[in-house]
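Here is the naming used below: chain letters follow the sequence lines, and residue numbers restart at 1 for every chain.
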Amino acid sequence: MRGVGGAPHPLRPLSSNPRPRVRFAPSPTGYLHIGGARTALFNWLFARRTGGVFILRIEDTDAERSTQASLQAILDSMHWLGLEWDEGPEVGGPHGPYTQTERKAIYRQYAEKLISSGAAYRCVCTKEQLDQQRKAAEAAKRPFRYPGTCRERKDIPVDVPHVVRFRMPATGETGFDDLVKGRIKVRNEELQDEIILRFDNLPLYNFGAVVDDVSMEITLVARGDDHVINTPRQVLMYQALGYPVPQFAHLPMILGADKTRLSKRHGAVSVLQYRDEGYEPQALLNYLARLGWSSGDQEIFTIAELIEKFDWSGCGHTAGVFNPTKLLWVNAEHMKRLTPAELAARVGARFAARGWNAGSQQRLERIAVVFRERAQTLQELEGAAKFLFERPAALDAAGVTKFLTPAIAPVLEELIAAIATAEPFSEAGLKPVFEAMLAKHNLKMVALAQACRLSITGGTVSPPIYDVMEILGREESLARLRHGAGTARGTA
RNA sequence: GUCCCUGUCGUCUAGUCAGGCCUAGGACAUAGCCCUUUCAAGGCUGUAACACGGGUUCGAAUCCCGUCAGGGACGCCA
């Protein structure tokens, strides 16, 4: 073990750990997206369901693209979703560090073990040589394979810059039983000697993942199915290292509406964006769970139900198209199930961010409950309630033409006078006044209600008018109605 | 190109492993109707799928083969 300093991390001894251990291992090369969130969710559900351990590991060996901001965005996303990890950044744990760049010495040790057993070897082929060979192969329309230049060399000293390659068996086949896809196997001749450790001691994905999964005693690896093809190579590495092969579960990809892999092109894919747009974390989780997994015909699940019912066998094996419209529906369903106090807390926070003060807790809850009926997200709710805090700058023109006509003006003025003293100032006190007015002038409710709605909210759509007036209060309602009456009369 | 995986309504899916209970069920979306103070919500009704072709079988969405289509992987990325 030369050139890597001390050996603070002895190779993991073989042991049997009864508790399932799973991990989510994102790369901090961007925000946490929908696909990553689902992978994290399934791992987390499995851990919670089985009493296992959920580990968060940061795979930051791609120095070019990894950033601190991305890491923070991932941690923020996980916290917001409520996918708390038992071991990993912030919380630590007995198998740390949980960031790959901090584990360099560990990879070197495992690589040396493979070299001494002959399962891997040092390679001094340069990137330039390889690139050239790859281009030549492409030009000749041959698939590129490492020619094995260093495969049998025994004369490469450790102190010469080199990479480490894994020696793939030339014959036979390697397979595994995937928990969602079933038996998968590949002929070993398809595999080639791949680099497992770079010249700077940082591992490549396949090796880094295996070493970390081994040293963190991971018992089940669940990830996106773009990794299926990597798995046989990894199986070979577990075997070469002498550790048991974990179980695998590969989740189908999430696609965009055009059926290609979901990406920024498809609009909102960042978890934090959904937070900002006023989605409920459990709704996002619920939707994500149902994208690729099902439990009979049930669509709406609480987190507790998800934990109780989650099972790899419930996972489908076809890629799924992300459907924002259905997410919206799921979110609305979850909003409906919130208690008034829960909803009010969320709504209040968003109001406060805009400098809106709803007054008492009771009034805030009333607003939340009344407005949620026609909002699918908190952001929508917020938009619909705006008129409560800011007088409409202008009344909807088409609405004015249709409902705030000169003919309604005297009725409105009469109504204003009548409700100035109506008690209570809510549906109970208001309804009789409105009805009397309708009877007297032989009007339909829609005409009066819309005239009021326009005057008070500035638009033609709002919660029931009595509720709106009650929430807004007598003084402000009357002021706006007077202004509306003026508009109707044509003098405003 | 090679290898791996996958094909049920527009979309997510149930059913496929143990073939008949499927004239294929649910949900989102969509169309219509009801309710109605606007818009929603809610209720009811409708349109809409077993990729294709063979085979096995009394019987196939379910099993087998082929075709086609889609996705993924072929890096000193993860």
Side-chain angles (χ1 to χ4, degrees), chain A residues 25-29 59-66 100 123 125-127 130-131 134 138 141-145 162-165 178 181-182 184-187 189-192 194-200 202-206 208-209 223-232 250 252-253 255 257 259-261 287 290-300 313-314 316-330 332-333 336 371-376 380 384 399 403 431 434 438 444-454 457 459-466 468:
Chain A
S27 295
T29 54
E59 306 208 333
D60 60 345
T61 53
D62 184 346
E64 306 264 306
R65 298 191 298 147
S66 295
Q100 289 190 324
C123 170
C125 295
T126 66
K127 202 172 189 173
L130 261 14
D131 283 346
R134 184 173 293 113
E138 276 168 21
K141 295 194 174 175
R142 283 183 290 110
F144 172 72
R145 292 180 66 93
H162 65 273
V163 301
V164 177
R165 279 186 188 272
D178 193 276
K181 290 175 174 295
I184 291 174
K185 59 189 176 188
V186 65
R187 291 192 307 281
E189 63 201 61
E190 302 291 338
L191 277 18
Q192 54 178 319
E194 61 184 49
I195 296 174
I196 57 175
L197 201 66
R198 300 198 295 214
F199 72 93
D200 60 0
L202 280 174
L204 260 353
Y205 173 72
N206 278 333
R223 81 250 275 203
D225 75 5
D226 46 339
H227 288 298
V228 168
I229 204 74
N230 284 321
T231 308
H250 287 95
M253 300 274 84
L255 275 23
K259 300 238 181 186
T260 63
R261 195 172 170 163
Y287 175 73
R290 278 291 286 102
L291 216 200
W293 173 85
S294 62
S295 177
D297 286 335
Q298 188 170 351
E299 296 285 350
I300 302 301
S313 66
H317 26 223
T318 58
V321 174
F322 181 73
N323 184 344
T325 307
K326 183 153 183 183
L327 203 211
L328 235 20
W329 175 78
V330 172
E333 291 299 311
K336 285 179 197 166
F371 280 79
R372 78 165 148 195
E373 187 70 15
R374 58 222 77 212
Q376 290 186 297
E380 275 183 37
F403 298 110
K431 195 174 183 185
F434 271 68
L438 295 181
K444 285 219 160 60
M445 179 61 180
V446 60
L448 226 208
Q450 284 301 70
C452 291
R453 199 182 316 277
L454 235 4
T457 73
T460 54
V461 173
S462 85
I465 194 65
Y466 302 134
V468 167

Can you give one letter per nucleotide of nucleotides 70-78 of chain B, going 5' to 3': B for a protein heavy atom under 4.0 Å from the base, S for sugar-phosphate only, - for none?
-SSS-SBBB
My understanding is that a pair needs two contacts under 3.5 Å, Watson-Crick or G-U wobble. By that rule, which nucleotide pairs with rG10(B)?
rC28(B)
Side-chain donor or acceptor of Arg290(A) under 3.5 Å from a matching atom on the base of rU13(B)?
no
Contact class for Ser294(A) vs. all strands (heavy atom < 4.0 Å): base, sugar-phosphate, or nothing?
sugar-phosphate
Just checking Gly292(A): base, sugar-phosphate only, or nothing, at a heavy-atom cut-off of under 4.0 Å?
sugar-phosphate
With His250(A), which of Arg223(A), His227(A), His317(A) fulfils side-chain hydrogen bond (donor to acceptor under 3.5 Å, both in side chains)?
Arg223(A)
Go through the N and O atoms of the side chain of Glu299(A) and the base of rG26(B), and report whether any donor-acceptor pair is under 3.5 Å.
yes
Just to be sure I understand the rule, does Lys185(A) reach a base, reach only the sugar-phosphate, or reach nothing, if contact means heavy atoms closer than 4.0 Å?
sugar-phosphate
If you look at every strand shown and take non-hydrogen atoms under 4.0 Å, does Tyr466(A) touch a base, only sugar-phosphate, or nothing?
base
Please measure how far the C1' atom in rA48(B) lies from the corresponding atom in rU67(B), and state the result in whole Å.
27 Å
Short N/O separations, protein against nucleotides 42-51 of chain B, under 3.5 angstrom:
from    : atom 1 : to        : atom 2 : distance (Å)
rG42(B) : OP1    : Lys336(A) : NZ     : 3.3

Any base atoms under 4.0 Å from Glu190(A), or only sugar-phosphate, or nothing? Heavy atoms, all strands.
sugar-phosphate
Answer for the Watson-Crick or wobble partner of rA51(B), both distances under 3.5 Å, is rU67(B)
Select base, sugar-phosphate, or nothing to describe what Pro232(A) touches, counting heavy atoms under 4.0 Å on all strands.
nothing
How far, in whole Å, is rU36(B) from rA29(B) if one measures between their C1' atoms?
24 Å
